[in-house]
Every structure is written in structure tokens, then in C-alpha cells.
Peer 1: 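Can you read through this structure? Questions will come right after.
Here is how names work: the chains are called A, B, and so on, in the same order as the sequence lines, proteins then strands, and each is numbered from 1.
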There are 2 protein chains.
Amino acid sequence: MPVELTASQALNLWHSVSLEQVRVDNRDLTLRQISILLHIYLVPPPHTVRGLAGILGVTKPVITRALDTMGDLGLVTRSRDERDKRNVIIKRTVDGALYLEKLGDLIIDQGRKLSI
Amino acid sequence: MPVELTASQALNLWHSVSLEQVRVDNRDLTLRQISILLHIYLVPPPHTVRGLAGILGVTKPVITRALDTMGDLGLVTRSRDERDKRNVIIKRTVDGALYLEKLGDLIIDQGRKLSI
DNA sequence: CCGAAAAGAAACGCTTCCGTAACGGTCTGA
DNA sequence: TCAGACCGTTACGGAAGCGTTTCTTTTCGG
């Protein structure tokens, strides 16, 4: 079920959503953080630091720091993998799900408002 | 010509585009910078520092700094308004247009790839 | 003609992010 | 069993962002 967009629609959608996100959200996540958050919530678990680093093409400390920040915001949680105690399993939270639900609504709303 | 998206499509689209943007682009613009860039290129000029600050709901130095950064990257230019020399007019560049063209293509591509 | 207002930039101290490198805890296979 | 690999975190110096405040230039009304 592909979504067909014109160049104008694509950029206008991105524009309006980004703008609203900047205006409404004081948390100001970076693009990397948003990518990580979306990945955790949209791709089946388990998620590890190393795995995320590989997928995003960044170093491990970047993931650790992003998880620190988003952990403080209550958007994700971490816990040791009891089967292999070297690993850390990244888990979802209610607040994180809520955050993405709002983002989804925003995208849908702005998509509906598109003209041209 | 509205675009109707399901919640799943909206978030998956945002996910895949953000992910590709992180992977491909080493410039790593913030969400604010992206908003400013899109605004400059999608909304008819003239654009001023004060105007952008009001639209994004941020302070003027935020805009000045963002323009400094994106100016260094060649994505925008500034020049004094000769009619009112207090103002600075923000202008588009070839590189900036190219950058957004690629972003638009990325959004369109990822939209086409959507399943479910 | 001059003082107030406006616009943008610069300065300041602070926070957060970055990449590289080093570190401890855990596993594993020779 | 233990040396090496693996995993995530922490440390470090540096770069860039933030909001507030101050400054310079320019405009404009009385």
C-alpha cells in the first residue's frame, strides 16, 4: 500500500510537521534521537546498543548518550539481558508510546491539510 | 489535494526518512535548522530574522546562529536590505535547493516503499 | 534634529552533543 | 581455564547549541 507523493507535497508535509514539532515540543530531540525512538517502537525487539549503532551508522557512545537523554525524558528504558549479561535490552515506555502517537497524529493532520 | 495516511504509514514514513537522513547526511542539521531551511525555500520571500523567530516561536539569536551554520554549509545566504538597512534578507542558494531536492526525493521514495 | 525604537549580531556562561580512546564486566573456545 | 573477543559505559577535549543580555547600526516620529 504505497503512498504516492509529489515533490511539492513531500516537502510541504515535512515542512509543516517539522514546524509544528518545533513549536509544540520543548524537548527538542535531535534527528538521531528521533530515529532511534522510532526504530525502537516500530521494529520488533530485541534492540541492543550495538545493533542500533550499526543500523544508524553511528558509534556506540552516540546510542548510549541518546538513550541517557531519552531515558531521562521517560521515553525509553534499559535493562540488562539476563541471558547474556554483556547486552542491554532497550524497552519501550508508556510515555514513549504516547509521544509517538502524538507525532503520528501530527503527520496525519498535516497530510490532510496539504493543498496543491 | 490532501494526503490520507494511516497511523502506521505516517510513523513508518517518518522512521524510514529520518533513518536514511541520518545515515546519508553527515551535516546533521537540527530539527530547527531543517524547519528554517524548508521555510525559506517553500514560503515566498522576503524572509527576515525577526520573522522567522516569530514563526518558529524561538528567540532571534537562535535564527542568527542557525543561519551562521547553514551559511557555512552553503545552504543559505544573507544580504542587507538596501531599502531598510536594519533588515537582513535571507536568500536561497543552489546547494540549498539541491539539498531539499534530495530530501524530497527521499520522502517520495520512502513513501512508495511503504507496506501494510 | 535628536531621542526612542527596531533589527540583527555579538558576548557571556551554560548545557549537550560529538568522536576517540580507555575501561570494567561477561562470555567463549582452544 | 584463561586469553582474547565482545558489549556497553565512561572519560576527555572540543565543537555547537541554548537563552539572556548587551551592542551597533539604522530608522522614524515629534
Peer 1: Please tell me if the side chains of Asp81(B) and Arg86(B) come closer than 4.5 Å, counting only heavy atoms from C-beta onward.
Peer 2: no
Peer 1: Do Arg80(A) and Ile89(A) come within less than 4.5 Å of each other through their side chains, counting heavy atoms only?
Peer 2: no
Peer 1: Does any part of the side chain of Leu37(A), heavy atoms only, come nearer than 4.5 Å to the side chain of Leu75(A), both counted from C-beta?
Peer 2: yes
Peer 1: Does Arg78(A) pair with Asp68(A) as a salt bridge, N-O distance under 4.0 Å?
Peer 2: yes
Peer 1: Whole-Å distance between dT9(D) C1' and Arg86(A) CZ?
Peer 2: 15 Å
Peer 1: Without swapping roles, check the side chain of Arg32(A) against the backbone of Val22(B) for a donor-acceptor pair under 3.5 Å.
Peer 2: no
Peer 1: Which pairs pass ring pair (Phe, Tyr, Trp, His ring centres under 6.0 Å) with one or both residues in residues 45-67 of chain B, sequence neighbours excluded?
Peer 2: His39(B)-His47(B)
Peer 1: Tell me which residues in residues 35-50 of chain A lie within less than 4.0 Å of DNA chain C, going by non-hydrogen atoms.
Peer 2: none
Peer 1: Without swapping roles, check the side chain of Thr48(B) against the backbone of Asn87(B) for a donor-acceptor pair under 3.5 Å.
Peer 2: no
Peer 1: Within this structure, what is the NZ-to-C1' distance between Lys60(B) and dA11(C), rounded to whole angstrom?
Peer 2: 15 Å
Peer 1: Looking only at atom types and distance, does a side-chain atom of Asn12(B) sit under 3.5 Å from a main-chain N or O of Ser8(B), one as donor and one as acceptor?
Peer 2: yes
Peer 1: Do any side-chain nitrogens or oxygens of Gln33(B) fall under 4.0 Å of OP1 or OP2 in dG17(D)?
Peer 2: yes
Peer 1: So, is Asn87(A) near the phosphate of dT26(C), with a side-chain N or O under 4.0 Å from OP1 or OP2?
Peer 2: no
Peer 1: Between dG8(C), dC27(C), dG19(D), spot the one nearest the side chain of Arg32(B), thanks.
Peer 2: dG19(D)
Peer 1: Check DNA chain C against residues 61-85 of chain B and give the residues with a non-hydrogen atom under 4.0 Å, in numerical order.
Peer 2: Pro61(B), Thr64(B), Arg78(B)
